[in-house]
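First comes the structure, then the notes that go with it.
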Amino acid sequence: MKSPNIAALLLLLAALAGCAGNSPRLQAVRALSAESSKLGAFNELSQRFRDTYPRQQPYLTPAADARERQLDAARQAAYPDFIAIENGVALYLRALGKLAGDERFDLEDQVKAMSGAIKAWPDSGLDDRHVNAYAGLTRLITRALTARYQDRAVEQMLNDGRDELRQLLDAMAALLRYYDKTHDNEQRIVLGTLESEIPFVDNPREHLLAALAKAHQQAKVAEYRLIGRRFTLAESNLAALSQAHQAALQLWPPRDDVKSAPGAKAALGGAPSAVTAVAAAPAASHP
């Protein structure tokens, strides 16, 4: 008589375990994780910012060329740190998804790729607050790889990553504004050159050259208009990510001991991972 009862109990426990893994709040976190794809617009604009000089170069005077070469060197140096911010945010979101039961992501190699500290670039808006937030998020992601208790680990990571994520999204918004200024400067140079030079070839003898120049001008106007829309989209995506993270966090009832409970420490503690050394590098500031 006892065996059927035990079997029924085991079946019930298995069903409850399955329901826990598919709980609405874990599903919401997996959906939040999928939002990492929206960071693609920022990535695209970062690459465009890096490659500004080759697009400008044909339209530059010798004096302007010398100035833009210096700016190009600064952009090339800063780009790895700028893109590291986006990679860090994307990896945090994917780590949340993995903790919530999404098995699509293998994070070990990606965390190892975050082994270097980033620097502050004050002219861009990337400052020490953002550098420290990046280091903190790296440590949090590293600990997440050893998490054992799914529901509690997700809650702990959402709580612990809240401030760092807010700072890094702020950094990305500041960088978008910086990219936009560079974009506006490029647009003034390129379209200004075309507007000033086309009248000199707009005569019967240079009819074909003038037609080609005007077609090129129209294409550049359309290109810059499209990039302007990409900036708007990228800014909107950052705001949406921030709101989605906060909404996911609110699915857990508030608890005063969320950062000190033994279960929470076990969830994001555990044995050291092979990539724990990732977080050991001190944050550095650009002189």
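Values in this document were obtained by computation on a predicted structure and should not be read as measured data.
Phe200 places a side-chain heavy atom less than 4.5 Å from the side chain of Glu197. Looking at heavy atoms from C-beta onward, Glu155 lies out of side-chain contact with Leu158 at the 4.5 angstrom threshold. The shortest distance between side-chain heavy atoms of Leu45 and His183 does not fall below 4.5 Å. With contacts defined as side-chain heavy-atom distances shorter than 4.5 Å, the pair Ile227/Arg48 qualifies. With a 4.5 Å cut-off on side-chain heavy atoms, Glu223 and Arg55 count as touching. Side chains of Gln250 and Arg25 form no contact here, defined as non-hydrogen atoms less than 4.5 Å apart. Residues Leu176 and Leu238 are in side-chain contact: their nearest non-hydrogen atoms beyond the backbone lie under 4.5 Å apart. Two residues are said to be in side-chain contact when any heavy atoms from C-beta on lie closer than 4.5 Å; Met157 and Ile141 meet this criterion.
The two residues Gly88 and Leu137 come nearest to each other via the heavy atoms O-CD2, 3.6 Å. Nearest heavy atom pair, residue Leu241 against residue Glu35, reads CD2-CB, 3.4 Å. Across all their heavy atoms, Ala171 and His130 have their closest contact at CB-CG, 3.4 Å. The two residues Pro80 and Ala77 make their nearest non-hydrogen contact at CD-O, 3.4 Å. Across every non-hydrogen atom of Asp81 and Lys119, the tightest pair is OD2-N, 3.2 Å. Scanning both residues, Thr52 and Glu186, for their nearest heavy atoms gives CG2-OE1, 3.7 Å.
By the 4.0 Å N-to-carboxylate-O rule, Arg188 lies too far from Glu195 to be salt-bridged with it. Between Asp65 and Arg69 there is a salt bridge, since a side-chain N of the basic residue sits under 4.0 Å from a carboxylate O of the acidic one. A salt bridge does not link Glu235 to Arg230: none of the charged nitrogens lies less than 4.0 Å from a carboxylate oxygen.
Side chain of Ser33 to main chain of Leu93: a donor-acceptor pair is present (N/O by atom type, distance under 3.5 Å, no hydrogens or angles). With hydrogens and angles ignored, the 3.5 Å screen pairs no side-chain donor or acceptor of Arg50 with any backbone N or O of Ser46. A donor-acceptor contact shorter than 3.5 Å links the side chain of Asn237 to the backbone of Lys38. Between the Asn132 side chain and the Asp128 main chain, a donor and an acceptor come within less than 3.5 Å of each other. A donor-acceptor pair under 3.5 Å is formed between the side chain of Arg30 and the backbone N or O of Ala100. Checked by atom type and distance alone, the side chain of Asp127 never pairs as donor or acceptor with a backbone atom of Pro122 at under 3.5 Å. Put simply, the side chain of Ser242 never gets that close to the backbone of Ala239: no donor and acceptor are under 3.5 Å apart.
Residues Tyr53, Tyr59, Ile189, Val190, Leu191, Leu194, Ile198, Val221, Tyr224 make up the rest of the hydrophobic cluster containing Leu60, defined by ILVMFWY side-chain heavy atoms closer than 4.5 Å, directly or through other members.
In terms of hydrophobic clustering, with Ile, Leu, Val, Met, Phe, Trp and Tyr side chains grouped at heavy-atom distances under 4.5 Å, Ile118 and Tyr178 are assigned to a common cluster. In the hydrophobic cluster analysis, where Ile, Leu, Val, Met, Phe, Trp and Tyr join through side-chain heavy atoms closer than 4.5 angstrom, Phe231 is grouped together with Phe42.
Note that OG1 of Thr182 and CG of Leu71 are 8.0 Å apart. Values are rounded to the nearest 0.5 Å. Atom OG1 of residue Thr193 and atom CD of residue Gln56 lie 9.5 Å apart, to the nearest 0.5 angstrom. To the nearest 0.5 angstrom, Leu32 atom CG is 10.0 Å from Leu251 atom CG. Going from atom CG of Asp180 over to atom CD of Gln187 covers 9.5 Å, rounded to the nearest 0.5 Å.
Ring centroid separation for the pair Tyr92 and His245 comes in under the 6.0 Å cut-off.
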- Message: Using the rule given for side-chain hydrogen bond (donor to acceptor under 3.5 Å, both in side chains), can you reason through Asp163 versus Gln167, listing the C-alpha separation, both sets of side-chain angles and the distance that settles it, and then say yes or no?
- Response: CA-CA 6 Å; Asp163 292 341; Gln167 291 285 0; over 6 Å; no

- Derivation and outcome, side-chain hydrogen bond (donor to acceptor under 3.5 Å, both in side chains), residues Asp51 and Gln47: CA-CA 6 Å; Asp51 299 335; Gln47 293 181 38; over 6 Å; no

- Is there a side-chain contact (heavy atoms from CB on, under 4.5 Å) between Glu86 and Leu168 once you walk through the steps? CA-CA 8 Å; Glu86 183 261 339; Leu168 294 183; over 6 Å; no

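Residue His216 places its NE2 atom among more than 12 non-hydrogen atoms of other residues, nucleotides or ligands, all under 6.0 Å distant.
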